[in-house]
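Computed from heavy atoms alone, side chains included, the values below leave out hydrogens, waters and symmetry copies.
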Amino acid sequence: MLLATKFMRPAADPRAIARPRLLERLQPDAARRLTAITAPAGYGKTTLVNQWCAAHDQPVAWLSLDEQDDEPRRFWSYVIGALENTILGHQESIHHYLDTPGAEHIEGALTAFINTLIDQSVEHANLILDDYHLIQDPDIQRQITFLVDHAPPALHLVLLSRTEPALPLSRWRVKGWMEGLHASDLAFSESECSAFFNNYMGLALDDEKVRAIWQRTEGWAAAMQLTALSGKSMNSSSLSRAVLSEGDHSRQISDYILTEILDQQRPDVRDFLLRTSVCRRLSAELCNSILERDDSQTVLEQLVHANLFIIPLDTRDQWFRYHDLFREALTQRFSQTEPEAYRELQARAIRWLLNEDYLQEAIVQLLQLEDWDWLEQVLEQYGNNLIHTGFHELVHKWLQYLPEERTTRNPRLMMLQIWALFFLNRLNNIEPLLEQLEDALDIRVANSDDNADVALALHNEIALIRSYMARTRSDHSSAQHLTQQVLKDIDHTNIPLKSVTYYGIGLDCYANGDLASATHALESAVEHGRREKKHATTLSSGGLLAWILFYQGEMDRALDVGTSVREWVNSHHTDPQQPRLVSCWQNSAMVQIHRKKNDLTLADTHMNPLLPHLDSGSEPGQHVVIQYTRAHLAFSRGQYQDAMEYLEDAERVQDQKRDAILFEPPCLEALHVRCHLALGDRTGAQTWRERLEEHNYRNPINREQARIGLARLLLADGQAEEAINILAPLRLSTEKGRHIKHLIELLAVYAVCLDHLDRGEQAAVMLHRALELASRERFLRLFVEEGPALAALFRRMPHHGLPLAFLRELDPLLEAESAPAQTEPAPAMGSTEALLEPLSQREIEVLTLIHAGHANKEIAQRMSVAQTTVKAHIRNLYGKLGASSRTGALARARELGLVD
């Protein structure tokens, strides 16, 4: 049961001051996804948004939050309830996920909600979340981040909060997705100031006095409120004299704070404010440590109660911060009046932050202190862990603050710089630094300036980096040699990099097709990664392990591995301000698992975070895997043209940057064949036969996919016997290798071949075996995607001995496939007839750029049009040329002499 009053907008305040200039900024536009209004209590946030809601006729869902809503399932139940109450109506598909235990089902609910807005063509969905500062749960913050990152244009989220939300607001602001209103934005104009003092606060001040106070306080409502409250025992005349007694009304608000607020406090409160202003954030323990006292919690709560410009950062009164302008005024006075005490307390704060593992905050304060010796020591001690925890960009930035001579004379700092560049994918800058570091180490050893342990540790890190660099050049022999060298020496060093080493071994074994050794190495990488707290390496190692397990048919185990490493990383990354760690392998594996289990919504949840990396420039091998996975998901939805576009983009990157890919890319050709066959384009499918027959894959996953794809091609061409000749020996190898997914797929195709040869009983036995294996791991989509022939065979065969629960899930999915699809075959490519409809000039331009090997994005840039326009031209080309893919379109265009 949801409390309906939480969905009601607050009653209007008849005394509310009209603020049209702010109402205009709240109006949503096409690009905006979020409006965040952040200010302390009493700044008129709720009143302002209430006015905005009343000023337009768009549907609004309002939710007033309370402390009990700081739990993901309850929070989203109320959010969805608010939307259903006013905009959507009841949505069973969303509640299916909300009612299912498990954290990932919350993201499933969000994905279903996003899809619902799109499917129902909702034009406007304004969602107001009042008192958002009560929400502190890091999972909710991550989920809000996911929602905003993937929101459709219809959704406009408005957050009202007393504290700054723990969300990546800066990133969204750069993208143009958000509008932010803060205390300074809510500052009153002169007329609003007059209405505030005279109408709202009940003080009779004439225009001259109002103008003087407004200029003195710069229209800051909180300062005006404190001014009014400080003069509650005075009449209006005495109050105005007190406020204006300092004379120059154009002084900055910091002067006002110091003279009218700070100087009026008791000496003990004033001293506490000044001395704790050295801290960017405050807690009782931190204040007790630097001030050598034990009552800081009481003092902090008193400051909050007195509204002394201190803002709680959580609902448990553990962490606070002073308003920035207030803190700047305090630190300015403290550093000027007591410079030695100022630096000593700042140093105490840094030591406490380091001891309590608040590393980033400690380093930020070190930068302010400009103590380069101390910063160098801290980066030496903690930098490696920070880099491998995912904060490589910050470490790289902090190293730039150090004078260059400090970095070049310190081998450990040089090593940090190299690792940071490696994880930033700036590989071209690494080799000169490696040579410089090796020279520096040789000199130190020759001069006996460094002990042997440190030299050995750094040489092993250099070897490890060089092994990864070798993989980018497809020099797997050197990579393996270097990695084995590190593995032999690593037990004798103090560098916690076993996880990175074993991940490299896992990549090498996977590249060579040795899946058993790859699995063993990746399991070790995950184990050591957890011990060493190497979050990025653990996520990637677990992701690749899950990818291998999925293709070996151990889908549930793969799901456990992928989920467990994600949850472990999330438990350490609780700050939504930091970018969420995303692994190509981990997310892609989860997409494939949920796709095969027929939960395409959950598959989308894991696919969406990968898409921005396609445009931002991911490592080439990862780009290929992402597009390959994306094509599979499109194929499962019947979006065959889109799937082929993704595959063509993957092929373009694979052809252009093959030497920079660390592993053997997936078998794109087999999925290309399936797309053509699904479209009824047998001629287009035949164009891939030669590549399937001749490509010599090392990786058994890719080799088996290629052989099964060739069998499908032969079957479609009426050569069922030839297809069986391929499948029969392949069945033995997949059974021996325990590659269960491919064995199931092979048996399904084998059954259709037998049925095509009128060997119905044998076909039924073969399909029964496939279903029996599939039921253990819930492989569902696999059978649906084999098409009508398999669905018809399933209808005729006996189902004795198969699990009823599995059959109940599979039966309705095959219902639509039981009759042959009404797909018109594409025209033969061998036709030389002239085009029935000529190509437009724009279509010829697009065709020329396709022939030159450009992707859709590059074509759009060259033609100065949107990618959607390019896609429209390409679809027109396909129709006029009688093609279903780029390859087919180019073949037909060559026949007609349209391209060379």
Side-chain angles (χ1 to χ4, degrees), residues 103-104 107 142 145-146 149-150 387-393 419 422-425 468 471-472 497 499-507 510-511 518-519 521-530 532-551 557-573 576 578-595 602-630 632-633 650 661-663 665-666:
E104 69 174 11
E107 294 192 3
R142 278 196 293 269
T145 301
F146 176 87
D149 280 343
H150 303 98
I387 283 176
H388 290 276
T389 305
F391 299 108
H392 45 274
E393 191 168 0
W419 277 118
F422 175 77
F423 283 107
L424 286 168
N425 207 25
Y468 279 95
R471 291 184 187 96
T472 66
L497 292 175
S499 57
V500 185
T501 307
Y502 277 110
Y503 177 55
I505 293 172
L507 274 175
Y510 178 73
T519 299
L522 293 168
E523 288 172 340
S524 297
V526 171
E527 179 184 352
H528 288 292
R530 289 175 185 260
E532 299 166 354
K533 294 186 177 179
K534 297 291 186 285
H535 303 156
T537 303
T538 303
L539 195 62
S540 293
S541 301
L544 180 54
L545 177 58
W547 178 271
I548 293 172
L549 291 173
F550 166 74
Y551 279 99
R557 184 182 167 200
L559 183 61
D560 288 342
V561 169
T563 302
S564 66
V565 294
R566 177 81 265 173
E567 290 176 349
W568 180 79
V569 170
N570 286 348
S571 70
H572 293 276
H573 282 248
Q578 298 299 332
R580 176 185 170 102
L581 280 180
V582 176
S583 160
C584 163
W585 288 120
Q586 197 266 349
N587 278 56
S588 296
M590 300 300 278
V591 170
Q592 295 287 48
I593 292 167
H594 290 299
R595 184 179 69 85
L602 279 183
D604 282 336
T605 297
H606 296 282
M607 189 74 245
N608 291 336
L610 294 176
L611 300 182
H613 295 275
L614 296 173
D615 295 326
S616 62
S618 61
E619 186 270 325
Q622 294 181 359
H623 186 105
V624 172
V625 170
I626 292 170
Q627 288 290 54
Y628 173 73
T629 305
R630 190 183 184 193
H632 265 296
L633 191 54
I661 298 177
L662 308 185
F663 48 86

#### Entry: Residue pair A518 / G506: nearest heavy atoms and the distance that separates them
CB-O, 3.7 Å
#### Entry: Those residues that, when tested against Q592, pass side chain to side chain donor-acceptor pair (under 3.5 Å) (two or more places apart)
Y551, R595
### Query
Looking only at atom types and distance, does a side-chain atom of N587 sit under 3.5 Å from a main-chain N or O of L610, one as donor and one as acceptor?
no
#### Entry: Candidate pair L614 and R630, rule side chain to side chain contact (heavy atoms under 4.5 Å, CB included), full reasoning
CA-CA 11 Å; L614 296 173; R630 190 183 184 193; 3.5 Å; yes
### Message
Any side-chain to backbone donor/acceptor pair from Q586 onto G562? Under 3.5 Å, distance only.
### Response
yes
### Task
Please round to the nearest 0.5 Å and tell me the distance separating atom OG1 of T563 and atom CD of E104.
5.0 Å
### Task
Decide yes or no for V561 and L549: does some side-chain heavy atom of the first lie under 4.5 Å from some side-chain heavy atom of the second?
yes
### Task
Write down the atom of L581, the atom of A536, and the distance for their closest heavy-atom approach.
CD1-N, 4.0 Å
### Query
What is the distance from atom NE2 of H594 to atom CG of L602, rounded to the nearest 0.5 Å?
5.0 Å
### Query
Do side-chain atoms of S571 reach the backbone of W568 as a donor and acceptor pair under 3.5 angstrom?
yes
### Task
Please check if the side chain of S541 supplies one atom and the backbone of T538 the other of a donor-acceptor pair under 3.5 Å.
no
### Task
Return the set of residues passing salt bridge (charged side-chain N to carboxylate O under 4.0 Å, His left out) with R566 (not counting sequence neighbours), or none when no residue passes.
none
#### Entry: Nearest heavy-atom neighbours spanning A589 and G543
CB-O, 3.9 Å
### Query
Are R530 and E523 within salt-bridge range, i.e. N to O under 4.0 Å?
no
### Task
Return the orientation label for the F146 and H150 ring planes: parallel under 30°, perpendicular over 60°, tilted otherwise.
tilted
## Note on the structure
Output for pair (L522 CG, S499 OG), nearest 0.5 Å, gives 11.5 Å
### Task
List in chain and number order the residues that pass ring-ring contact (aromatic ring centres under 6.0 Å, His included) with Y510, two or more places apart in sequence or in another chain; answer none if no residue qualifies.
W585
### Message
Which residues pass the side-chain contact (heavy atoms from CB on, under 4.5 Å) test with A650, not counting sequence neighbours?
### Response
V624, Q627, L668
### Task
Could you tell me how the ring of Y502 sits relative to the ring of H528: parallel (under 30°), tilted (30 to 60°) or perpendicular (over 60°)?
parallel
### Query
Can you name the closest pair of heavy atoms from I626 and C584 and give their distance?
CG1-SG, 3.9 Å
### W547 vs T629 side-chain heavy atoms within contact, under 4.5 Å
yes
### Where E107 and T605 come nearest, the two heavy atoms and their spacing
OE1-CG2, 3.0 Å
#### Entry: From S588 atom OG to Q622 atom CD, the distance as rounded to the nearest 0.5 Å
8.5 Å
## Note on the structure
Residues passing the salt bridge (charged side-chain N to carboxylate O under 4.0 Å, His left out) test with E527, sequence neighbours excluded, are R531
### Summary
With sequence neighbours left out, the residues meeting side-chain contact (heavy atoms from CB on, under 4.5 Å) with S540 are Y503, S583
## Note on the structure
Nearest heavy-atom contact between V565 and V526 is CG1-CG1, 4.1 Å
